[in-house]
Undergrad: 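Sharing a structure with you now.
Below, chain A is the first sequence line, B the second, and so on; all start at residue 1.
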There are 2 protein chains.
Amino acid sequence: MKTLKYSRQRESIKASLMNRHDHPTADALYASIREEFPNISLGTVYRNLNLLVETGEIRKLTCGDGADHFDGDTRQHYHFVCTECNQVYDMDLGALEELNQDAQSCAPGIIDSHYVLFYGRCKNCLGKKVDKSIDKPA
Amino acid sequence: MKTLKYSRQRESIKASLMNRHDHPTADALYASIREEFPNISLGTVYRNLNLLVETGEIRKLTCGDGADHFDGDTRQHYHFVCTECNQVYDMDLGALEELNQDAQSCAPGIIDSHYVLFYGRCKNCLGKKVDKSIDKPA
DNA sequence: GTTGTTGCAAAACCTTTGCAGCTGG
DNA sequence: CCAGCTGCAAAGGTTTTGCAACAAC
């Protein structure tokens, strides 16, 4: 395994991810890191995000909206993805320990982990829906 | 909603997807459709896959390995992804009806659906592991 | 010094799209 | 015909990578 050297950029990326809870994409994170490091490059952000994922310090979320999202919270928890605004929310739902065991008997191999996303419309967008129906009366 | 016209290419794409159970990517499907339609273009494959997803005749799987996979089986079921060979397997596990209800109380909106992937090493790759240790003795 | 890291730019990769011609209804 | 479909090629968006200069140890 490769030895990691300290880098201010990597620390900043990690700290930034710990401070926010909106599961930013690499690009969104890049935008906010630039306030501290105006010269940082997007390539550096990607390289460090991948390193941090490898070392298990952060997590990558692929939710099917094109770009990967990143999460500074590495505890096993679940996410809610709004199909309208694509926002990714944390859910206050602890690890579903029994899921792997329940599924193991149907698996063509040994289950190490599972990945769950819940899809729906968030409260914010449910609210907007009402406004929309006012804009467009039948 | 748009009216769909018959197209030989779309039927072939759909039929091909129904016949195989390996959850191909658009590109892999393109390769096999080309045997029947040597001139079909990758753009056509993508356009039709998207149409078929919209009409609910097939499903799209995003499992985080870069390219989306497609599934001709639209019944609610789950998948096992091998972290070694990236193969996507069907699991003989019916819909986990209770999952949405259990999670609803922790959700920041209304849950419509869920998406679950199980990760691990498939039997094939577990077998290869043994071979590997023979190749590289301590 | 040696090795890992950076910024930059180019490339790779997957997917979508504009267009002119074709096809199904 | 008209609307939708096709092949082609170009463009789009995301992520990776080669390289020379630089920073950490």
Undergrad: What's the closest nucleotide to the side chain of Arg47(A) if the choices are dT6(D), dC8(D), dG18(D)?
TA: dG18(D)
Undergrad: Quick check: on DNA chain C, is the nucleotide nearest Gly43(B) upstream (toward 5') of the one nearest Ala67(B), or the reverse? Name the residue that is more 5'.
TA: Ala67(B)
Undergrad: For a side-chain hydrogen bond (donor to acceptor under 3.5 Å, both in side chains) check, start with the C-alpha distance between Ser12(A) and Glu36(A), then their side-chain angles and the critical distance, and finish with the verdict.
TA: CA-CA 8 Å; Ser12(A) 171; Glu36(A) 195 185 347; 2.9 Å; yes
Undergrad: What nucleic acid atoms does Tyr46(B) come within less than 4.0 Å of, heavy atoms only: base, sugar-phosphate, or nothing?
TA: base
Undergrad: Choosing from dT15(D), dT15(C), dT6(D), which nucleotide comes nearest the side chain of Thr44(B)?
TA: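 Nucleotide nearest to Thr44(B)'s side chain: dT6(D).
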Undergrad: Starting at atom OH of Tyr6(B), determine the distance to atom C1' of dC22(C), rounded to an integer number of angstrom.
TA: 15 Å
Undergrad: Rounded to whole Å, how long is the line connecting atom CG of Asp68(B) with atom C1' of dT15(C)?
TA: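 Asp68(B) atom CG is separated from dT15(C) atom C1' by 9 Å.
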Undergrad: Nearest-Å distance, CG (Asp65(B)) to P (dC14(C))?
TA: 9 Å
Undergrad: Determine whether the side chains of Asp22(A) and His69(A) contain a donor N or O and an acceptor N or O closer than 3.5 Å.
TA: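 On atom types as modelled, these side chains do not qualify, holding no pair under 3.5 Å.
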Undergrad: With respect to the phosphate group of dC8(C), does any side-chain polar atom (N or O) of Ser41(A) fall under 4.0 Å of OP1 or OP2?
TA: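 For Ser41(A), the contact criterion (side-chain N or O under 4.0 Å from OP1 or OP2 of dC8(C)) is not met.
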Undergrad: Kindly say if Gln9(B) contacts the phosphate of dT23(C), meaning a side-chain N or O under 4.0 Å from OP1 or OP2.
TA: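 So the side-chain polar atoms of Gln9(B) never come under 4.0 Å of the phosphate oxygens OP1 or OP2 of dT23(C).
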Undergrad: Would you indicate, yes or no, if dT5(C) has its OP1 or OP2 atom less than 4.0 angstrom from a side-chain nitrogen or oxygen of Arg10(A)?
TA: yes
Undergrad: Take atom OH of Tyr30(B) and atom C1' of dT15(C), then tell me their distance rounded to the nearest Å.
TA: 14 Å
Undergrad: Write down the distance between CG (Leu51(B)) and P (dT17(C)), rounded to a whole number of angstrom.
TA: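 Result: 12 Å.
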Undergrad: State whether Ser7(B) places a side-chain N or O below 4.0 Å from either non-bridging phosphate oxygen (OP1 or OP2) of dT6(D).
TA: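 Answer yes for this pair, as a side-chain N or O of Ser7(B) is under 4.0 Å from OP1 or OP2.
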Undergrad: Is a donor-acceptor contact shorter than 3.5 angstrom present between the side chain of Lys5(B) and the base of dG24(C)?
TA: yes
Undergrad: Roughly how many Å is it from CG in Leu42(B) to P in dG7(D), rounded to a whole number?
TA: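 Distance, rounded to whole Å: 11 Å.
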Undergrad: Roughly how far, to the nearest 0.5 Å, is CG of Leu117(B) from CD1 of Ile111(A)?
TA: 11.5 Å
Undergrad: Once you apply a heavy-atom cut-off of 4.0 Å, does Asp27(B) come out as touching a base, just sugar-phosphate, or nothing?
TA: nothing
Undergrad: Is it true that, when you exclude Arg8(A) itself, more than 12 heavy atoms of the residues, nucleotides or ligands shown sit nearer than 6.0 Å to its CZ?
TA: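 No, because the 6.0 Å sphere around CZ of Arg8(A) holds 12 heavy atoms or fewer from other groups.
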Undergrad: His79(A) and Tyr115(A): side-chain donor and acceptor closer than 3.5 Å?
TA: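 No, no side-chain donor-acceptor contact under 3.5 Å.
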Undergrad: Please tell me which of the listed nucleotides, dT6(D), dT15(D), dC5(D), lies nearest to the side chain of Leu4(B)?
TA: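 For the Leu4(B) side chain, the nearest candidate turns out to be dC5(D).
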Undergrad: Nearest of dC14(C), dT15(D), dG7(C) to any side-chain atom of Asn39(A)?
TA: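 Closest nucleotide among those given: dG7(C).
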Undergrad: Rounded to whole Å, how long is the line connecting atom CG of Leu29(B) with atom C1' of dT15(C)?
TA: 15 Å
Undergrad: If you check the Arg8(B) side chain, which of dT15(D), dT15(C), dG24(C) turns out closest?
TA: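 For Arg8(B), the side-chain atoms sit closest to dG24(C).
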Undergrad: Looking at dT16(C), I'd like to know if its phosphate oxygens (OP1 or OP2) sit under 4.0 Å from a side-chain N or O belonging to Asn50(B).
TA: yes
